[in-house]
S.K.: 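Dropping the structure in here first, questions after.
Note that the structure is predicted; figures quoted are calculated from it, not measured.
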Amino acid sequence: MFRVTIRGKFAGLDDAGRTRVLAASGTAFTEAGTFTHDQSVSAFTFRCQVPAGPDDGEDEAALGAMAALDAHGHPYEILKIGVTDMRDIRIRRRRPGHA
């Protein structure tokens, strides 16, 4: 599983698009993606969760997230993309009896 964050700005977002962005607002990573945005709804952060195949890397994850962003149908310009491979995340567990 990959978590991808895309920072960008909308290009010519109309009122209907603004309404759809507001409806898809949130901070969770989902496969459809969620938006956080500035007050004017011109700059955004898009958070997307992309399933990982056995040979998939950051490039495939970024392309998957961009496809999810495209599915929302809003004109945009990408400023920055960050990819986290959740397969690399290790959780340290406490041993019983240790604080």
S.K.: Hydrogens and angles aside, do T30 and R47 bring a side-chain donor and acceptor to less than 3.5 Å of each other?
M.R.: no

S.K.: Where do R87 and G53 come nearest, in terms of heavy atoms and distance?
M.R.: NH1-O, 3.1 Å

S.K.: Tell me, please, which residues at least two apart from D14 pass salt bridge (charged side-chain N to carboxylate O under 4.0 Å, His left out).
M.R.: none

S.K.: Compute whether any side-chain donor of one residue and acceptor of the other, for S42 and D38, lie under 3.5 angstrom apart.
M.R.: yes

S.K.: So, do S25 and H37 sit near enough that their side-chain heavy atoms are less than 4.5 Å apart?
M.R.: yes

S.K.: Out of curiosity, M86 CE to R3 CZ, how far, rounded to the nearest 0.5 Å?
M.R.: 4.5 Å

S.K.: At their closest point, which heavy atom of E31 faces which heavy atom of A68, and how far apart are they?
M.R.: O-CB, 3.8 Å

S.K.: Near D15 CG, under 6.0 Å, is it more than 12 heavy atoms from other residues, nucleotides or ligands?
M.R.: no

S.K.: Considering all heavy atoms of both residues, which atom of P75 and which atom of G12 are nearest to each other, and what is their separation?
M.R.: CG-O, 4.1 Å

S.K.: Nearest heavy-atom pair of G73 and R20: which atoms, and what distance?
M.R.: O-NH2, 4.4 Å

S.K.: From D56 CG over to M1 CE, what is the distance, rounded to the nearest 0.5 angstrom?
M.R.: 11.5 Å

S.K.: Would you mind listing the cluster partners of L13? Hydrophobic ones only (ILVMFWY), side-chain contacts under 4.5 Å, chaining allowed.
M.R.: F2, V4, I6, F10, V21, L22, F35, V41, F44, F46, V50, L63, M66, L69, Y76, I78, I81, V83

S.K.: What is the distance from atom OG1 of T45 to atom CZ of R7, rounded to the nearest 0.5 Å?
M.R.: 5.0 Å

